[in-house]
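Below: the structure, in structure tokens.
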Amino acid sequence: LADAQPRLANLGLRLLADDQYPVEVEGAPTYWVQDFRAEPMRPLTADINEVAALFEDAFLHIHTDHCSDDWYNQLVVSAQLSWKQTGMLRSYARYLKQIGIRFSQIYLSETLIDNAAIARLLVALFEANFKPGISNRDELVASTDAELLAELENVVSLDADRILRWFRNVIKATLRTNYYQNESIETNPGLYVFKLATREIPEAPMPRPLYEIWVHSPRFEAVHLRGGKVARGGLRWSDRPEDFRTEILGLVKAQMVKNSVIVPVGAKGGFVCRQLPVGGSRAEVQQEVIACYRLFMGAMLSITDNLVNDQLTPPPQVVRRDDDDPYLVVAADKGTATFSDIANEIAVQRGFWIGDAFASGGSNGYDHKKMAITASGAWESVKRHFRELGKDIQREEFTVVGVGDMAGDVFGNGMLLSKRIRLLAAFNHMHIFIDPEPDAAISFKERQRLFKLKGSSWSDYSQELISRGGGLYERSAKSIKPSAQACKALDLEARSYTPDELINAILKAPVDLFWNGGIGTYVKAESETAEDVGDRAND
């Protein structure tokens with residue numbers, strides 16, 4: 001009952017009574033049947049049998065996790081939409097949230113429910129654009145859009161008018177979708193993929209990439225931003241479900257500049273997992289992350305043109321509202337450093353023309369961590385800087401604090417480029433590591449071990465090798481009280497700190513070198529607000 005009642009409410013029904021009775025089958029367990037009596041929350045505007053068929057189909061797909069269980073499902077009864085049509089509108093609503101629309105998902109769904117006729121017209125506009133086999137598509141799109149605009153003129157509420165026009169804008173900016181693909185329907189019926197012309201969406205924040213691919217399912221959400229037709233950039237596993245597109249947009253700004261010397265423009269992507277195992281082990285969490293990453297790769301390739309025998313081949317059952325676009329490559333990033341082989345395997349299986357060059361950094365490509373290009377180049381600058389100060393850091397010990405961990409390309413490689421490093425403190429997104437009086441030789445060997453250890457973090461550092469007064473602290477802790485030795489080494493006041501306060505103090509520590517190996521770091525002027533920078537995770 002606890003599961004069924006909210007599910008029925010989300011489908012627009014008010015539960016009145018619940019009866020249970022057993023069904024006994026000889027030689028089999030006893031089954032219990034739940035019999036619910038309910039009434040619609042809103043008056044029905046269609047034949048009960050038609051609504052019943054839509055309701056039953058939706059209930060089954062919610063039960064099998066192909067459809068999210070939320071307020072949007074009221075559209076099944078109120079607007080007589082199928083679960084899949086409802087899911088399409090939900091996917092666009094989730095995208096609107098990611099581009100910064102401040103209204104809640106409940107408010108967006110209520111607006112659609114209150115304006116059922118317009119919700120049906122939004123679906124009709126989408127279908128006119130993308131349903132395969134329509135001969136008079138341009139005329140149908142124009143007439144449907146004209147009818148939609150006429151209905152919008154009758155909307156009294158300014159908020160509702162604005163919200164409904166946002167849905168129209170995003171649908172009109174959609175270039176491709178997997179909505180009608182047989183493969184998606186059979187294997188991942190609740191997975192929606194949209195390729196968008198972002199510059200045609202007035203609500204999207206600047207800078208607006210040329211294209212982006214938005215992916216939504218009950219299991220995960222993902223976005224891939226691309227500055228041009230030929231672009232390259234990494235995909236990350238984000239821990240910011242509320243605004244991960246903002247995180248990716250911030251990263252792509254730097255990528256656009258950096259990649260100007262590699263390919264014409266940059267790209268960046270990311271995904272969030274919505275069903276990570278609660279209290280799961282690291283292996284269980286990683287298993288779900290990899291599963292979502294696989295779905296993300298397949299989703300992008302499902303709507304991307306291919307080259308077969310040098311002939312351009314569009315994806316099946318996809319109406320294209322843009323030009324030929326067969327170039328799509330990805331790379332590794334935070335949380336996906338070891339996933340390139342997985343992406344290349346998917347590309348090869350699908351017969352994608354780029355093959356195992358789809359994702360850089362795989363077994364058959366350049367291994368960024370192994371080659372250490374970025375760290376090695378930066379280290380030349382570090383050596384030059386110290387040489388000008390009269391210090392040879394390859395022969396003389398020096399103190400360091402840093403951002404990152406030994407699993408990282410830049411941080412990990414950098415912290416192995418001199419055996420004279422005395423790393424006093426470092427932090428990543430999970431831990432704060434403090435070693436007040438490190439032995440340079442011993443700590444070097446331990447960092448080397450962590451570098452070679454697959455998927456290591458600061459929690460893998462041998463506690464007995466940390467000097468007196470040092471330790472490892474969770475960034476999720478309520479407070480941290482550094483030892484007297486740590487306070488002396490890092491010039492800290494002897495008091496309790498929140499994790500962020502301690503990080504702030506570490507960044508100002510009186511050491512010889514600050515080694516910034518973190519990805520996506522912003523520098524903010526005092527005159528700027530955290531909102532100006534858009535890096536909510538580090539506000």
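All values below were derived from every heavy atom in this structure, side-chain atoms included, with hydrogens, water molecules and symmetry-related copies excluded.
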Do S82 and V76 make a side-chain contact, defined as non-hydrogen atoms from C-beta onward lying under 4.5 Å apart?
no
Donor-acceptor check, side chain of N428 to backbone of H431, threshold 3.5 angstrom: yes or no?
yes
Could you tell me whether the side chain of E39 and the main chain of L16 form a donor-acceptor pair under 3.5 Å?
no
Take a 6.0 Å sphere around CD of E139 and say whether it holds more than 12 heavy atoms from other residues, nucleotides or ligands.
yes
Among T86, L81, L122, which one satisfies side chain to side chain contact (heavy atoms under 4.5 Å, CB included) with L112?
L122
Residue pair E127, Q85: steps toward the side-chain hydrogen bond (donor to acceptor under 3.5 Å, both in side chains) verdict:
CA-CA 10 Å; E127 293 179 343; Q85 291 168 329; 2.9 Å; yes
Could you check, using the six-membered ring where one of them is a Trp, whether W214 and Y95 have ring centers closer than 6.0 angstrom?
yes
Any donor-acceptor pair under 3.5 Å from R137 side chain to N129 backbone
yes
How long is the straight-line distance from CD1 of I118 back to CD1 of I163, given to the nearest 0.5 Å?
11.5 Å
Report the C-alpha distance between N10 and D69 in whole Å, list the side-chain angles of each, state the deciding distance to 0.1 Å, and finish with yes or no for side-chain hydrogen bond (donor to acceptor under 3.5 Å, both in side chains).
CA-CA 7 Å; N10 283 339; D69 186 12; 3.0 Å; yes
Taking atom CD1 of I342 and atom CZ of F296, what is their separation to the nearest 0.5 Å?
14.0 Å
Where the side chain of Q275 meets the backbone of F220, is there a donor-acceptor pair that is under 3.5 Å apart?
no
Determine, stepwise, if the pair K131 / Y180 fulfils side-chain contact (heavy atoms from CB on, under 4.5 Å).
CA-CA 7 Å; K131 189 173 183 177; Y180 292 99; 3.7 Å; yes
Is D325 salt-bridged to K195, going by a charged N under 4.0 Å from an acidic O?
yes
With a sphere of 6.0 Å drawn around NZ of K229, does it hold more than 12 non-hydrogen atoms of other residues, nucleotides or ligands?
yes
Scanning both residues in full, the closest heavy-atom pair of W353 with P326 reads NE1-O, 2.8 Å
Taking K478 for its side chain and P499 for its backbone only, find out whether a donor-acceptor pair lies under 3.5 Å.
no
Only one of L96, I99, I201 passes side chain to side chain contact (heavy atoms under 4.5 Å, CB included) with W166; say which it is.
L96
Identify whether the distance between the nearest side-chain nitrogen and carboxylate oxygen of R475 and D500 falls below 4.0 Å.
yes
Rounded to the nearest 0.5 Å, how far does CH2 of W83 lie from CD1 of I62?
10.0 Å
Do D3 and R7 sit within salt-bridge range, that is, some charged N less than 4.0 Å from a carboxylate O?
no
Taking 4.0 angstrom as the limit, do K97 and D243 come out as a salt bridge?
no
Report yes if the side chains of M300 and V193 come closer than 4.5 Å at any heavy-atom pair, otherwise no.
no
Taking all heavy atoms of K253 and all of M206, pick out the closest pair and write down the distance.
CE-O, 4.3 Å
So, R42 and D114, do they make that salt bridge, N to O below 4.0 Å?
yes
Please check: side-chain N/O of N178 versus main-chain N/O of I303, any donor-acceptor pairing under 3.5 Å?
no
Walk me through it: do T246 and Q98 pass the test side-chain contact (heavy atoms from CB on, under 4.5 Å)?
CA-CA 7 Å; T246 301; Q98 290 296 327; 5.6 Å; no
Taking all non-hydrogen atoms of both residues into account, name the closest pair between S302 and Q181 and its distance.
O-NE2, 2.7 Å
Taking 4.0 angstrom as the limit, do R320 and D305 come out as a salt bridge?
yes
Can you measure from CG (D239) to CZ (R236) and round to the nearest 0.5 angstrom?
8.5 Å
How many angstroms lie between atom NE2 of H429 and atom OG of S476, to the nearest 0.5 angstrom?
11.5 Å
How close do S360 and S340 get, heavy atom to heavy atom, and via which atoms?
O-OG, 2.6 Å
Test item: N115 side-chain N/O and T111 main-chain N/O as donor-acceptor pair under 3.5 Å:
yes
So, taking the atom named OH in Y179 and the one named CG in L191, what distance separates them when rounded to the nearest 0.5 Å?
13.0 Å
Determine, stepwise, if the pair I346 / R350 fulfils side-chain contact (heavy atoms from CB on, under 4.5 Å).
CA-CA 6 Å; I346 293 168; R350 286 178 166 269; 4.1 Å; yes
Y72: partners by ring pair (Phe, Tyr, Trp, His ring centres under 6.0 Å), with sequence neighbours left out:
none
Under 3.5 Å, is there a donor-acceptor pair between the D35 and Q20 side chains?
no
Side-chain (R168) to main-chain (L164) donor-acceptor, under 3.5 angstrom:
no
When you check the gap from the basic side-chain N to the acidic O, do R294 and E345 get nearer than 4.0 Å?
yes
Aromatic ring pairing F126/F130, orientation class (parallel under 30°, perpendicular over 60°, tilted between)
tilted
Between I113 and W71, is the side-chain contact (heavy atoms from CB on, under 4.5 Å) condition met? List the steps.
CA-CA 9 Å; I113 295 162; W71 211 240; 3.9 Å; yes
What class does the angle between the rings of F194 and Y192 fall in, given that below 30° is parallel, 30 to 60° is tilted and above 60° is perpendicular?
parallel
Closest non-hydrogen contact found for S157 with A160 is OG-N, 3.2 Å
For R321, is there an ion pair with E200 - N to carboxylate O distance below 4.0 angstrom?
no
Ignoring hydrogens and geometry, is there a side-chain-to-backbone donor-acceptor pair from S143 to L140 under 3.5 Å?
yes
Can you confirm whether I106 is buried at CD1, in the sense that more than 12 heavy atoms of other residues, nucleotides or ligands lie under 6.0 Å from that atom?
no
Exactly one of L235, V215, I213, I248 clears side chain to side chain contact (heavy atoms under 4.5 Å, CB included) with V223, and that residue is I248
For the aromatic rings, using the six-membered ring if either is Trp, is the centroid distance between F339 and Y293 under 6.0 Å?
yes
Assess the residue pair Q105 and D70 against the criterion (side-chain hydrogen bond (donor to acceptor under 3.5 Å, both in side chains)); give the C-alpha distance rounded to whole Å, side-chain angles, the decisive distance to 0.1 Å, and a yes or no.
CA-CA 9 Å; Q105 290 295 299; D70 59 24; over 6 Å; no
All heavy atoms of V265 vs all of V230, minimum pair found to be CG2-O, 3.5 Å
side-chain hydrogen bond (donor to acceptor under 3.5 Å, both in side chains) for T304 and Y327? Distances and angles first, verdict last.
CA-CA 8 Å; T304 300; Y327 188 86; over 6 Å; no
Has the side chain of R90 got a donor or acceptor atom that lies under 3.5 Å from a matching backbone atom of S68?
yes
Please determine if K268 and D333 form a salt bridge, counting it only when a charged side-chain N lies under 4.0 Å from a carboxylate O.
yes
Could you tell me whether E212 and R245 make a salt bridge, using a distance below 4.0 angstrom between a side-chain N and a carboxylate O?
yes
Take atom CD in E56; do more than 12 heavy atoms of anything else shown fall under 6.0 Å from it?
no
